[in-house]
Every structure is written in C-alpha cells, then in structure tokens.
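Quick notes on the structure that follows.
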There are 2 protein chains.
Amino acid sequence: MASTIKDVAKRAGVSTATVSRVINGDPRISSKTKEKVLISIRELDYKINNIARSLKTNKTHTIGFICPELANTFFMTVAKGVEDELRKYGYSVIVCNSNESVEEEKERITLLLEKCVDGVIIIPASHSGSHFKDLTEQGIPVVLADRLVEDFSSDAVLVDNINGSYAVIEHLINSGYRRIGYIGGDIRLTSAKERDEGYKRALRDYLIPIDDNIIKYGDYHKQSGYDKMRELMEEKDPPEIVFISNYYMHVGATKFLIEQKEANRRNVAIASFDDMELASLLEFCKVLVSQPMLEIGNKAAGMLIQRINDSKDHEPQIIRLKTQLIVK
Amino acid sequence: MASTIKDVAKRAGVSTATVSRVINGDPRISSKTKEKVLISIRELDYKINNIARSLKTNKTHTIGFICPELANTFFMTVAKGVEDELRKYGYSVIVCNSNESVEEEKERITLLLEKCVDGVIIIPASHSGSHFKDLTEQGIPVVLADRLVEDFSSDAVLVDNINGSYAVIEHLINSGYRRIGYIGGDIRLTSAKERDEGYKRALRDYLIPIDDNIIKYGDYHKQSGYDKMRELMEEKDPPEIVFISNYYMHVGATKFLIEQKEANRRNVAIASFDDMELASLLEFCKVLVSQPMLEIGNKAAGMLIQRINDSKDHEPQIIRLKTQLIVK
DNA sequence: TTTCTGCATGTAATCGATTACATTATACTA
DNA sequence: TAGTATAATGTAATCGATTACATGCAGAAA
C-alpha cells in the first residue's frame with residue numbers, strides 16, 4: 001500500500017541506491033537526478049520506513065525513559081525536558097512506568113532492549129541498579145536522573161540536594177527559627193540522603209542541636225507526609241517549623257494540618273523541597289526549594305545524545321544543577 | 001555482538017525457521033526440539049530483535065500517545081492508564097507533546113507515521129482534527145480521548161461532561177446557592193462546551209436566570225483562572241460561589257483569592273471540575289467533579305487494541321464515562 | 001512390503017532500507 | 001589522442017527475523 005523506495009526508484013528511473021542517497025543527503029548526487037527523485041517522492045507521498053532503515057543502521061532514534069510513576073509532576077516535567085531536547089535531534093521517547101518496583105523496572109529494561117532503543121534515561125525506582133548493566137553490556141548508554149544507585153555508575157544529572165537543603169535551613173535559622181523539624185524520604189535514595197545531610201549540616205554549622213524526636217522519615221508520598229506531620233505534632237515539644245523533603249509529602253502534611261480543628265491546630269509553619277503545581281499556594285508554607293526540573297531532563301537528554309554519537313568509553317560524568325530558594 | 005536467531009539455530013542444531021517457531025509458540029514443534037532451542041536461547045542470552053520482526057510482520061507493537069502537555073496531571077494520569085493497559089498486550093508507548101499547537105501535533109503525527117506505530121491515542125490540541133486522517137488513511141487506527149474534533153470522526157473515550165456539570169450545579173442549588181458564577185474553557189473544545197452546557201441547563205431547569213456577567217471564559221490554564229476570578233470579584237454583584245471548569249483554572253482562581261487582603265476578600269466559595277493532586281485541599285473549595293482519568297486511559301487503550309486486531313471497518317464507537325460528585 | 005498420511009523440520013524468498021564495491025561517463029593531463 | 005582521475009550511478013549483499021513451500025520420516029493401511 002504505502003510506497004517504498006523501490007517505487008520511487010522506478011518512477012524516477014534510477015536505482016534504489018540513488019534514492020537512498022538523495023534521502024540521506026549524499027552530496028555526490030547530481031542536482032538533476034536529485035530533482036527527479038524528490039519529485040517522485042512527492043508524487044508518491046513516499047515516507048521512509050524507519051523499521052527497515054533501523055535494521056540496517058542499527059539505530060532506532062528512539063530512547064527509553066523509565067520513571068517510578070507517570071502521574072507525578074516532577075517526573076513528568078523531567079520527561080518534558082527530555083522530550084523537548086531529544087526531538088531537536090529527531091529522537092522520540094518510549095515512556096515506561098516502573099511503578100516504584102525494581103521488578104517492573106527490570107521488565108521495562110528487557111522491553112527496551114527488545115525494542116532496540118539507542119539509549120535509556122532512568123529515574124531509578126530504588127537504590128539498587130545492578131540490573132542497569134544489562135543495558136550497558138549491550139552497548140546501550142544509560143543516563144541516570146535525580147538519583148544515583150549502588151552497583152552501577154554512569155552519567156547522571158542530579159541537583160545539589162545538600163546545598164539546597166542547607167540553604168533553606170540556613171534561611172530559617174537566619175529568620176529566627178531554632179526548633180526545625182524534618183520529614184525526609186527513604187535515605188536509601190541518594191536524593192533523600194543528601195537532603196538529610198544538608199539539613200543536619202546546617203544545624204551543626206549553626207550549633208543547633210539535632211533532635212531525633214523531630215526528625216521523621218516517610219517515603220515521598222502524600223500519605224507519609226500526613227502521618228509524619230501528625231507524629232511531629234504529637235511530640236511533647238513540637239517544632240516551630242518543619243522542613244519537608246518533597247512536594248507530595250508537603251501536600252500530605254498540609255492536609256493533616258488543615259484537617260485539625262482550629263482549636264487543636266498547632267502554630268506551625270512549613271518549608272519544603274519542590275516548587276511545583278501549587279506548592280507555593282499551600283497554607284503554612286513559607287519557603288520552598290525549587291528544582292530545575294526541565295533542565296534536568298534537557299541535560300540528561302543532551303548527555304545521552306552525546307554518548308550515543310560518541311561511543312568511546314569516557315569516564316562517567318555527573319552534572320549537579322543548583323536549586324533555588326523561594327521565599328514567600 | 002548480540003546473538004541472533006542464526007546463532008541460536010546453529011547452537012541448537014536446527015534451522016532458523018524452527019527457532020522462530022519455538023519463539024512464536026508454534027504447536028507443531030516437538031517438545032524435544034523445543035527444549036533444545038530454549039536451552040540455546042538461554043545459554044546465548046538471546047533477545048529477539050523486534051526491528052527485524054517488525055519489518056516482516058508490519059507490526060511494531062508500539063503505539064503513539066499525543067497530548068497537549070506532559071507536565072499536566074490530567075493528561076499524564078490518562079497516559080498512565082494507557083500504559084497500564086497496553087503493557088498487558090506487550091505494547092509500548094511513544095509519548096509526544098503537541099504543546100497545544102496544531103502545527104506541532106501535525107509534526108508528531110508525521111513522526112509517528114515514520115516510526116510505523118500500530119495505532120495512536122490523541123488528546124487533541126484543538127478543535128480541528130482533519131490532519132488525523134493522515135493516520136487513518138495509512139490504516140493506522142486512532143482513538144481520541146477527552147475531546148472530540150471537527151472534520152474527523154473515530155473511536156473516542158470521553159466523560160459525560162454535561163451531566164458532570166449539571167450535577168454540581170444541581171447540588172449547589174439544592175444547597176441554597178442561587179448566584180452561581182462560572183469560569184469555563186475555550187468552548188471550541190468539546191469538553192469545555194459540554195461543561196458549559198451542563199451549567200446552563202441546570203440553571204434553566206431550576207428557573208434560575210443565566211447572568212452573562214458572571215460567566216467568564218478562560219483557557220484551562222492557571223493564569224486565566226486567576227484573571228477570570230478577579231473579573232468576577234470586580235463585578236457589581238459578584239457570585240456567591242463560582243463553578244470552575246478545570247483544575248488548573250481552579251488553582252489560579254484560588255491563588256487570586258488568597259492574594260487578596262483579608263479585608264477585601266470576598267466571601268466566595270468554589271466548585272470545580274477535576275479532583276486531582278490537591279484540588280480537595282484548596283481553600284474555598286466546596287465541591288468537586290472527579291473524572292475517572294485512569295479509566296479514560298484504560299478504555300482508550302482497550303479500544304485501540306481492538307481496532308488493531310480487528311481491522312474491519314466498524315462504525316466509530318464512543319464511550320462516555322461518568323463523573324463523580326465529591327462534596328467536601 | 002509398498003503406499004499413503006500427516007507431523008516435524010528445513011530451504012529460501014521476503015520485508016525495505018543501506019552501502020561496499022563495481023561500473024560508466026566526464027573531464028583533465030601530458 | 002591515450003591515459004587517468006573524478007564524479008555519478010548501479011548492482012547486489014546485507015541487516016534479523018517470518019513463512020510459504022518443500023522435504024523427510026514414522027506409522028498406518030492395504
């Protein structure tokens with residue numbers, strides 16, 4: 001049904017090789033021949049069959065993007081950054097949801113291997129990354145985004161979580177706060193661990209004692225933000241302000257506070273990582289750490305393209321992007 | 001580098017045809033041979049090359065998903081529903097961002113045609129859909145989600161916007177509200193038009209006069225929600241409650257209200273389409289219309305698979321999913 | 001024993017491009 | 001004018017699978 005390179009060749013009275021050369025911009029083709037071919041292509045509404053092309057060239061111009069959840073604005077804004085950058089180079093993106101499960105992550109990697117993608121960008125589902133080697137062993141470059149993993153090193157685009165956290169806490173201290181609670185994520189995730197580190201380092205630098213009673217760990221999800229905020233508020237000596245290490249826990253924590261009856265409502269403020277959606281509109285929220293989400297995607301895509309085009313084995317490279325402090 | 005069907009065949013001492021038959025579950029293969037082949041496959045860590053397979057079978061087991069924006073929870077939750085359903089059938093999804101531009105939408109369609117996808121799910125960028133024919137003319141089935149378009153009819157999964165709107169307004173009236181403002185979307189989008197319709201129909205049914213002064217139209221974006229809420233509040237006789245027809249305008253409108261100084265703050269409530277993220281946590285918000293986002297994606301994927309497997313030309317089919325009223 | 005049937009497997013063409021190598025045409029040099 | 005370099009194009013193998021058709025072989029029937 002659809003016309004092939006043969007049809008074009010026949011109509012233009014040349015060989016398929018010539019047509020192929022025209023399509024690929026081979027400079028040796030005479031302008032007369034090129035013209036003939038282009039006319040035939042137009043007349044037949046010929047569209048190249050990338051499947052066939054890929055079979056020969058071993059390039060699909062498709063990359064995989066694996067992330068722990070699709071309905072998550074952070075991940076999807078990164079994905080947007082990836083798509084934006086990649087399409088400049090004619091690449092498209094197969095989006096995979098690992099559902100925060102290492103098992104599913106493995107499945108997606110197998111899938112992408114079978115689809116013969118040219119490269120993969122991964123926001124890891126967990127701290128473990130040994131299965132990512134399945135990709136690199138087949139010569140498929142991998143770029144990690146947002147988090148690093150154990151047992152696997154590669155290019156990565158991260159944000160400077162430590163200094164992001166540090167800057168908020170420093171700001172809070174300078175604003176007069178002393179009793180600063182914390183709701184962190186699973187510290188097996190590097191992002192969570194680093195934010196933790198920043199929080200503690202700032203307190204130490206300002207000689208404020210670290211009180212484990214007002215440090216709680218959730219799992220980056222709304223519900224855990226809710227639960228941990230409750231735990232904090234039930235402390236004998238609750239914090240004046242709580243620094244929460246991601247947006248969804250921020251939302252959950254806010255929910256808890258809103259639900260408390262006015263009478264019981266503690267006088268507490270919130271600082272939080274992530275300036276997304278309407279984080280800045282949330283009650284209680286005083287300060288935010290904004291991550292350059294699009295840029296994470298852009299850079300990750302850029303690094304991947306580079307690796308794809310230059311297969312020499314360089315040292316893994318890590319880009320750290322800066323966060324921004326947003327005071328309401 | 002990677003092993004091919006030939007390597008497997010050689011190692012197992014059979015022909016490539018036999019290996020292919022084992023892979024594809026041909027029942028004629030003797031269990032002895034099958035065993036041999038499977039062992040070779042395992043030993044060589046053979047992974048099928050889908051590029052080569054696709055070239056012969058003319059199926060890529062890949063579908064395209066085009067939506068107006070990636071960093072949008074509604075669209076991405078639909079995408080999640082799509083991915084969830086499709087992976088059951090071994091399909092993967094190329095996600096494309098049309099950036100709310102018909103031009104970019106066209107480009108993505110061309111891209112997907114060249115990638116030889118087996119089908120496409122589109123959340124249209126605008127009211128115009130004539131370019132979708134490029135797909136169906138090549139025999140590639142299309143399923144629309146969320147919105148219909150002019151000049152192109154096909155399978156579609158929509159929500160019952162009219163009754164969704166109607167139900168909120170009815171509820172508000174029953175709760176005693178009479179002066180109910182409205183912030184709608186661009187009525188060239190069918191979803192916006194239908195929500196409009198539901199709003200007006202309910203008012204008429206309850207004999208409440210429709211006052212154009214408290215009906216404003218935005219564009220489904222945050223900023224327009226902000227602007228239109230301001231306009232409403234500047235009316236001589238502002239509404240007691242405003243029904244807003246999507247989440248992002250809801251957020252913007254809330255932002256406007258929050259920013260008003262306590263003193264100036266009008267006593268106004270909000271009802272809104274979409275129960276996403278933290279819609280339900282927003283100040284002022286009393287009632288929500290929840291859309292079954294995952295289900296939209298599931299159904300769209302299901303319809304697409306059906307079309308792909310059964311190429312007979314049936315009448316376009318439209319699924320309307322019900323919304324749910326959520327009273328805070 | 002011979003012929004036939006049907007199952008299991010093999011042979012080789014094919015999908016639609018790319019590309020190494022071959023060939024022809026053209027221009028330039030001595 | 002013959003010889004050679006160069007440019008333009010063609011021929012045909014190839015990528016890795018699928019599959020129509022061919023073949024071989026075991027057991028059943030005669």
Side-chain angles (χ1 to χ4, degrees), chain A residues 1-41 44-62 90 111 113-118 138-140, chain B residues 1-41 44-62 90 113-118 138-139:
Chain A
M1 176 122 323
S3 46
T4 74
I5 202 171
K6 271 190 198 160
D7 303 323
V8 175
K10 193 181 295 171
R11 174 175 263 257
V14 298
S15 71
T16 60
T18 300
V19 176
S20 175
R21 289 181 185 122
V22 170
I23 294 169
N24 294 293
D26 189 316
R28 289 175 309 176
I29 301 296
S30 73
S31 52
K32 193 151 48 82
T33 310
K34 188 197 261 179
E35 193 55 32
K36 268 193 305 184
V37 171
L38 289 177
I39 288 172
S40 300
I41 287 180
L44 292 172
D45 191 29
Y46 167 77
K47 296 234 168 47
I48 196 165
N49 182 325
N50 272 298
I51 304 293
R53 171 184 271 180
S54 294
L55 185 55
K56 267 308 271 189
T57 61
N58 226 7
K59 292 253 159 287
T60 54
H61 285 263
T62 301
L111 180 95
L113 276 170
E114 288 177 350
K115 293 272 168 173
C116 308
V117 294
D118 294 344
Q138 301 290 325
I140 297 175
Chain B
M1 176 121 324
S3 46
T4 74
I5 201 172
K6 271 189 197 159
D7 303 323
V8 175
K10 192 180 297 172
R11 174 175 263 258
V14 298
S15 72
T16 61
T18 300
V19 176
S20 176
R21 289 183 184 119
V22 170
I23 294 169
N24 294 293
D26 189 317
R28 291 175 307 179
I29 301 296
S30 73
S31 53
K32 193 152 47 82
T33 310
K34 190 197 259 179
E35 194 54 34
K36 268 193 306 184
V37 170
L38 289 178
I39 288 172
S40 300
I41 286 180
L44 291 171
D45 190 30
Y46 167 77
K47 296 235 166 45
I48 196 165
N49 182 324
N50 272 299
I51 304 294
R53 171 184 270 181
S54 294
L55 186 56
K56 268 306 273 189
T57 60
N58 225 6
K59 292 254 159 286
T60 53
H61 285 262
T62 300
L113 276 169
E114 288 177 351
K115 293 271 169 173
C116 308
V117 294
D118 294 344
Q138 302 289 324

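Lettering follows sequence order; numbering is per chain, from 1.
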Shortest non-hydrogen separation from [X] to [Y] and the atoms involved:
| X | Y | value |
| --- | --- | --- |
| B/Thr4 | B/Tyr46 | C-CE1, 3.5 Å |
| B/Asp118 | B/Lys59 | OD1-CA, 3.6 Å |
| B/Arg11 | B/Ser40 | CG-OG, 3.6 Å |
| B/Thr33 | B/Val14 | CG2-CG1, 3.9 Å |
| B/Thr60 | A/Lys115 | O-NZ, 3.0 Å |
| B/Gln138 | A/Ala2 | OE1-CB, 3.9 Å |

Between [N] ([atom2]) and [X] ([atom1]): distance, integer Å:
| X | N | atom1 | atom2 | answer |
| --- | --- | --- | --- | --- |
| A/Ile29 | D/dA7 | CD1 | P | 13 Å |
| A/Lys34 | D/dA7 | NZ | P | 16 Å |
| A/Lys36 | D/dA8 | NZ | C1' | 11 Å |

Let me have DNA chain D in dot-bracket notation, would you? Count Watson-Crick plus G-U wobble pairs, both distances under 3.5 Å, and use [ ] for pairs crossing earlier ones and | for inter-strand partners.
||||||||||||||||||||||||||||||
Would you say the side-chain atoms of [X] pair up with the backbone N or O of [Y], donor to acceptor, closer than 3.5 Å?
| X | Y | answer |
| --- | --- | --- |
| B/Ser3 | B/Leu44 | yes |
| B/Ser20 | B/Thr16 | no |
| A/Asn24 | A/Asp26 | no |

So what does [X] hit on the nucleic acid, given a heavy-atom distance under 4.0 Å: a base, only sugar-phosphate, or nothing?
| X | answer |
| --- | --- |
| B/Val14 | sugar-phosphate |
| A/Ser20 | base |
| A/Ser30 | sugar-phosphate |

Can you sort out which residues in residues 47-58 of chain A have a heavy atom within less than 4.0 Å of DNA chain D? Ascending by number, please.
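Contacts with DNA chain D under 4.0 Å: A/Leu55, A/Lys56.
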Calculate, to the nearest 0.5 Å, the distance between atoms OG1 and CG belonging to A/Thr62 and A/Asn50 respectively.
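Answer for the OG1-CG pair, A/Thr62 versus A/Asn50, is 8.0 Å.
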Between CG on residue B/Leu38 and CD1 on residue B/Ile29, distance to nearest 0.5 Å
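Rounded to the nearest 0.5 Å, the CG-CD1 separation comes to 10.5 Å.
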Mind checking which nucleotides bracket the chain B contacts on DNA chain C, 5' to 3', with an atom under 4.0 Å from a heavy atom?
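First and last nucleotides in contact are C/dA8 to C/dG16.
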Nearest-nucleotide comparison on DNA chain C, the residue closer to the 5′ end among A/Asn24 and A/Arg28:
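On the 5' side of the pair lies A/Asn24.
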